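Below, chains carry the letters A, B, ... as their sequence lines are ordered, and counting in each starts from 1. Because the structure is predicted, anything quoted here is derived from the model rather than measured.
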Number of protein chains: 2
Amino acid sequence: MNLKTLSEKLGLSQTTVSRALNGYPEVSTATRLRVEEAARQYNYRPNSRAKGLATGRSMVIGQIIPTSIQHEMVNPVFGDFVSGATQALAGHGYDMMISRVLDEDEGKVYRELHARGAVDGVILQGPLVEDPRIPLLREIGLPFIVHGRSTGEAGPYNWVDVNNRRSFQRATRFLLDLGHRRIGLLNGHETMDFARRRRAGYTEALAGAGIAPDPALMASDEMTESFGFARTRDMLALAAPPTAILASSMLAAIGVRRAIQEAGLRMGRDVSVITHDDDLSYLKNGEDVPIFTATRSSVRRAGIILAEKLVALIANPAAAPVTHMLEAELVVGRSTGPVPVKG
Amino acid sequence: MNLKTLSEKLGLSQTTVSRALNGYPEVSTATRLRVEEAARQYNYRPNSRAKGLATGRSMVIGQIIPTSIQHEMVNPVFGDFVSGATQALAGHGYDMMISRVLDEDEGKVYRELHARGAVDGVILQGPLVEDPRIPLLREIGLPFIVHGRSTGEAGPYNWVDVNNRRSFQRATRFLLDLGHRRIGLLNGHETMDFARRRRAGYTEALAGAGIAPDPALMASDEMTESFGFARTRDMLALAAPPTAILASSMLAAIGVRRAIQEAGLRMGRDVSVITHDDDLSYLKNGEDVPIFTATRSSVRRAGIILAEKLVALIANPAAAPVTHMLEAELVVGRSTGPVPVKG
DNA sequence: ATTCCAAGTCAAAGCGCTTTGAAACCCGAG
DNA sequence: CTCGGGTTTCAAAGCGCTTTGACTTGGAAT
């Protein structure tokens with residue numbers, strides 16, 4: 001069913017039918033009702049491509065899958081983020097399109113998406129320190145919003161980010177207050193902007209307590225279970241092992257827990273652990289009492305917020321740059337406790 | 001840059017330029033080269049919507065996010081699957097579009113996607129036993145392929161699935177061969193078709209050893225870490241606890257491991273564990289030697305295969321139904337061992 | 001020279017929608 | 001009656017592409 005046949009059935013012109021369906025005022029209530037009823041009856045939906053061609057907008061938001069550094073590690077956070085974003089977009093009549101490319105081609109893909117008119121805007125994931133994609137997108141003139149920030153980017157751009165620096169500062173202070181002095185940091189790849197900020201928060205808190213960061217207690221890599229396990233095992237084998245560990249993700253923290261247990265120690269008593277928790281729907285931090293003390297910020301909610309902002313941005317391109325800082329909450333679970341007394 | 005201005009710059013008609021770019025034979029090699037060069041120079045890309053409108057195809061594949069039973073639990077497998085699928089689709093010039101809806105509306109969304117001409121085909125995730133979406137899609141006439149199968153569906157349909165029955169049968173036999181007699185099963189929701197088949201494989205293997213399945217050793221729910229933990233804890237507290245446990249996902253298995261350790265037991269010695277492993281990029285089963293003995297099948301690879309098949313299907317709608325069975329491999333890790341001797 | 005044919009090129013129609021500018025209608029005021 | 005003005009409807013152009021059917025060529029065959 002298309003506009004033409006629908007309007008023929010109604011004995012009206014395409015103009016009138018189109019207007020009736022799109023809520024224009026120059027249509028009498030009687031005809032509007034009649035048209036709407038017919039549209040429902042024949043299950044008519046305007047063809048997306050034709051509509052897009054006529055209006056010049058695609059009503060699609062693009063998102064490039066973060067295939068990160070070296071290995072194509074698909075971010076576990078992706079599913080929840082997309083779920084939130086698509087939900088929000090749907091409310092505004094937008095669809096979400098996923099692309100995936102080798103890292104080198106990413107610029108080419110943005111260019112192409114724009115040249116083809118395939119998307120009205122994009123969400124940029126996993127920003128690096130001095131991320132080249134930001135100037136690129138600006139140059140292309142494709143509306144975009146960044147999930148995170150990029151240190152070293154001079155110009156204005158739209159972003160929504162968690163206050164990673166502050167949340168890791170708070171977490172570190174929390175451990176310091178419990179008497180911990182040797183605190184390990186298992187961070188994400190430090191080419192990623194968020195990881196850089198988390199480390200800053202960590203070292204700032206340490207500095208506040210007069211503690212110099214110890215390189216032997218700091219590791220950074222992809223935040224897998226194995227990474228959490230291996231680095232924790234190494235740290236616990238040190239002459240002066242840490243009494244607490246700060247992990248950058250639940251998955252890494254699970255590895256940390258495994259290493260602690262395999263060393264014959266108990267988490268929360270012998271070694272305290274705090275992790276960042278993206279509040280993933282499929283990886284809950286315990287049922288009632290959280291397993292891990294954690295800095296928590298829902299990535300799903302971030303997806304919703306980013307989508308809303310981007311839609312608003314597209315509607316009003318002249319608007320001032322949009323920025324939005326999310327504060328993570330510090331939830332206390334069973335993985336932290338006072339520093340164990342010696343001997 | 002659009003076709004019109006490009007052809008004007010070249011002093012050719014739109015017809016010729018279009019044909020040159022699309023590889024039609026009625027264009028001399030000289031002009032073709034000239035056109036291609038100019039297209040590159042001006043970074044020309046045909047507008048997706050205009051092209052789609054003219055050809056009647058959208059070159060987009062749809063995929064509905066599996067918001068499952070009750071809670072909107074986003075499948076952890078989603079990221080890897082989509083990553084594989086989009087990669088394969090890109091190779092054929094297709095894009096992937098994600099939609100997400102409340103469960104009740106799912107039929108409506110498929111109808112709408114089709115009516116709007118937004119997609120040329122869809123991938124159906126997480127099929128249930130007697131899944132109503134299959135007859136619905138058939139009725140709508142939208143090309144589709146199912147990731148999994150649906151017991152009780154009489155008519156033919158296209159699917160790619162792991163041989164879940166056989167892989168759980170093999171895993172169970174493996175445990176039986178090690179002398180285990182009380183084997184727990186932590187299954188997914190048994191409205192899901194895959195879970196039903198896994199249980200069938202499990203009970204068949206038990207039956208082959210003359211063992212009646214014990215309801216106290218079988219649980220099914222969403223496959224979270226907490227689920228794995230709680231049910232394992234319960235089972236280990238039984239008068240006759242299991243000596244081995246079969247888990248339906250890595251995440252659940254991680255919960256199983258935690259429960260085993262908290263009970264003061266050792267995995268692989270006191271309690272054996274086998275899990276299904278989707279080979280997720282961010283949740284590797286150990287580095288060199290697998291942590292868990294597992295039935296392994298890459299969901300990323302499944303994504304690639306499904307995408308390829310769907311594209312072929314759209315190209316040739318008259319083709320016979322496509323089905324493809326993937327066999328999981330049984331990889332032996334450190335989580336299994338002979339049944340512990342009593343006393 | 002003329003005819004014919006293949007190779008190369010083109011103008012124009014059409015895909016399904018929105019939107020502009022014009023026309024038709026209706027009703028009360030003059 | 002006629003006119004004016006708001007209300008309602010319409011025909012047609014345009015969005016950027018593909019594709020049909022026709023029109024030029026240049027050269028080989030007659």
Side-chain angles (χ1 to χ4, degrees), chain A residues 1-36 38-39 42-60 93-95 112-120 315, chain B residues 1-36 38-39 42-60 93-95 112-120 315:
Chain A
M1 175 64 54
N2 60 17
L3 228 209
K4 186 163 171 224
T5 63
L6 179 65
S7 56
E8 281 166 0
K9 289 213 190 273
L10 281 162
L12 288 171
S13 74
Q14 298 188 35
T15 311
T16 306
V17 176
S18 170
R19 289 200 157 141
L21 257 21
N22 288 310
Y24 282 77
E26 345 32 2
V27 177
S28 70
T29 316
T31 25
R32 164 158 297 132
L33 258 38
R34 204 159 65 88
V35 169
E36 283 172 351
Y42 295 110
N43 196 35
Y44 167 77
R45 293 278 183 296
N47 180 291
S48 306
R49 283 164 270 136
K51 187 164 189 162
L53 188 55
T55 57
R57 342 216 289 104
S58 65
M59 298 308 280
V60 174
Y94 277 86
D95 287 315
E112 186 182 315
L113 281 177
H114 188 233
R116 281 166 50 204
V119 301
D120 291 341
Chain B
M1 176 64 55
N2 60 18
L3 228 209
K4 186 163 171 224
T5 62
L6 180 64
S7 55
E8 278 165 2
K9 289 213 191 273
L10 281 162
L12 288 170
S13 73
Q14 298 189 34
T15 311
T16 306
V17 175
S18 170
R19 288 199 158 140
L21 257 21
N22 288 311
Y24 282 77
E26 321 73 332
V27 177
S28 70
T29 316
T31 25
R32 164 159 295 132
L33 257 38
R34 203 159 67 87
V35 170
E36 283 172 350
Y42 294 109
N43 196 34
Y44 167 76
R45 292 278 184 296
N47 180 291
S48 306
R49 284 164 270 136
K51 187 164 188 161
L53 188 54
T55 57
R57 338 208 301 99
S58 65
M59 297 309 279
V60 173
Y94 277 86
D95 287 314
E112 187 183 315
L113 281 178
H114 188 234
R116 281 166 50 204
V119 300
D120 290 341

Rounded to the Å, how far apart are [X] [atom1] and [N] [atom2]?
X	N	atom1	atom2	answer
A:Asn22	C:dT19	CG	P	8 Å
B:Leu12	C:dA7	CG	P	19 Å
B:Leu3	D:dT18	CG	C1'	9 Å
B:Met59	D:dT18	CE	P	12 Å
A:Arg57	C:dC17	CZ	P	18 Å
A:Glu26	C:dT19	CD	C1'	10 Å
B:Asn47	C:dG16	CG	C1'	14 Å

Q.
Can a donor-acceptor pair be found, under 3.5 Å and without considering hydrogens, that links the side chain of A:Asp95 to the backbone of A:Val60?
A. no

(Q) Between A:Arg49 and B:Gly52 (side chain of the first, backbone of the second, donor and acceptor by atom type, cut-off under 3.5 Å), is there such a pair? (A) yes

Quick check on [N]: is either OP1 or OP2 less than 4.0 Å from any side-chain nitrogen or oxygen of [X]?
X	N	value
A:Tyr24	C:dT19	yes
B:Asn2	D:dG16	yes
A:Thr16	D:dT9	no
A:Thr31	D:dT8	no
B:Lys4	D:dC17	no
B:Lys51	D:dG16	no
A:Ser18	C:dT18	yes

Q: Between B:Leu53 and B:Ser28, name the one whose nearest nucleotide on DNA chain C is closer to the 5' end.
A: B:Ser28

**Q.** Residue whose nearest DNA chain D nucleotide is more 5′ - A:Pro25 or B:Arg19
**A.** A:Pro25

(Q) Between the base of C:dT19 and the side chain of A:Thr15, is there a donor and acceptor pair under 3.5 angstrom? (A) yes

